[in-house]
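Heads up, the thing below is written out as structure tokens.
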There are 2 protein chains.
Amino acid sequence: MPTPGTSDRILDAALASFATRGYEATSLDATAKSLDLTKQSILYWFPSKDALLEAVIARSARDLSEALETALRGAGEGWARVEAVVRSVFRLAARQPELLGLLREVGRLGPPAATQMTLALGPLVARATAFLEAEMDAGTMRRHDPGLLLLAIYSTVIGMVTEVEVLRALGEEPTARSLVRRRADVLQLLRSALLVEPAG
Amino acid sequence: MPTPGTSDRILDAALASFATRGYEATSLDATAKSLDLTKQSILYWFPSKDALLEAVIARSARDLSEALETALRGAGEGWARVEAVVRSVFRLAARQPELLGLLREVGRLGPPAATQMTLALGPLVARATAFLEAEMDAGTMRRHDPGLLLLAIYSTVIGMVTEVEVLRALGEEPTARSLVRRRADVLQLLRSALLVEPAG
DNA sequence: GTCGGCACTTACCAAATGGTAGACAGATTC
DNA sequence: GAATCTGTCTACCATTTGGTAAGTGCCGAC
């Protein structure tokens, strides 16, 4: 494993800052300083701050897709697939929380950033929608609008994983250990909500 | 109803901008211009941008609490209370979407803004937690960690109402009419998830 | 050994930002 | 009618922002 190149290190730092501080609150100067570089070096690799965001989104969308595709590859059928996806998101929350933070941030930023992310994750969304529809047709999951159902699942999982302040407000310290409990709770909740037979 | 005072107009404009563009992306100059004022007039009423945010949060938390308290006042028992709260949030989404947008934004900003909002909404949260616990004790709702359950409900409802870009990504145009459908879907979903008997 | 390009720097810059100081107009008070 | 207070404005200011221009050191090709 070679030393990561400068452009990758820049992407890492930018991702972290965009995901936590937010896009506007991230300054090129500060990001550069954290890497022992000057702002102009960043602008050498990425012609503008917008372009940097674009690159961060592109790489993150790819990483995100890969993580989920991998989880789906050996996943089984029906409910097991939902569980596999949720588990892989929680794994991401532990190992690369910035990826999920960026997702949140991009949704807030709106177009064109959101459009780019949307396009990049489109195939995954289409697959998920089709899956839910098939399950509902087969009668194994309760009937809902698939899009809205997906949004509900998305919001719940992302919320459980990124809403640090709300967690604190509810008396749940967002530690790594608590993440496991949150995962268990989400899975149980989704099972009750989705499955036709509240099976055990 | 007298003409709203300048300080109220400033709070309105600031709330709208904080909720949509975000705090950092909101400039005092732009906000002032939208009100046919100068930045210095804003700084006359609120000594700094931080203080303005604080005032916006204080007023919004009050409005939010009032709306929910009102909804709860004539709400009935058990599931009807959940339904009353959800309905009132969707009503807010139609009439004052900025209030919910601010909630999102404040969560992202972290302390001290988040702390202030948390404190202001604390009583409401405590009430909700106690309610859920009582229902679970009574056996009418499935047992979960009340805090996490509340977070799940919060995330789902707020997501349905503020995640405009995600909605679009899922092929749901965020119109006023679709809001009604979303509300129906959320209620149905929550009922399946929460109630012990999937009652009809 | 020098030529060319790569990675990065120093030196700037115009625009925008939050904030200060002080003046000005119009009421209100005495 | 003078003094005061309120709300707003004009005039500044220091800092920070994203971005440009012009080097500089270095390494491999020839």
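Per chain, numbering begins at 1; letters A, B, ... match sequence-line order. Values reported hereafter were calculated over all heavy atoms of this structure, with side chains retained and with hydrogens, waters and symmetry mates removed.
There is no path of hydrophobic side-chain contacts, each under 4.5 Å, that joins A:Leu109 to B:Val164.
Residues meeting the side-chain hydrogen bond (donor to acceptor under 3.5 Å, both in side chains) test with B:Arg91, sequence neighbours left out: none. Taking the side-chain hydrogen bond (donor to acceptor under 3.5 Å, both in side chains) definition, one finds that B:Arg81 meets it with nothing, sequence neighbours left out.
Residues from residues 25-40 of chain A lying near DNA chain D, meaning a heavy-atom separation below 4.0 Å, are A:Thr26, A:Ser27, A:Leu28, A:Lys39, A:Gln40 in numerical order. Within residues 42-50 of chain B, the residues approached by DNA chain C to less than 4.0 Å at the level of any non-hydrogen atom are B:Leu43, B:Ser48, B:Lys49, in residue-number order.
At distances below 3.5 Å, not a single donor-acceptor pair connects side-chain atoms of B:Arg104 with backbone N or O atoms of B:Thr162. Judged purely by atom type and a 3.5 angstrom limit, B:Thr31 uses its side chain to pair as donor or acceptor with the backbone of B:Ser27. Formation of a donor-acceptor pair under 3.5 Å by the B:Arg182 side chain with backbone atoms of A:Leu148 is not found in this model.
Read 5' to 3', the first and last nucleotides of DNA chain C with an atom closer than 4.0 Å to a heavy atom of chain A are C:dC6 to C:dA11.
In terms of heavy-atom proximity, B:Ser88 sits nearest to B:Leu68 at OG-CD2, 3.0 Å. For A:Ser60 against A:Leu102, the heavy-atom pair with the smallest separation is OG-CD2, 3.4 Å.
Between B:Thr6 and the phosphate of D:dG7, there is no side-chain N or O to OP1/OP2 separation shorter than 4.0 Å.
Legend: salt bridge (Lys or Arg N to Asp or Glu O under 4.0 Å) pairs involving residues 33-56 of chain B, not counting sequence neighbours, sorted by first then second residue: B:Asp29-B:Lys39.
Atom OG1 of B:Thr140 is separated from atom CD of B:Glu135 by 3.5 Å, given to the nearest 0.5 angstrom.
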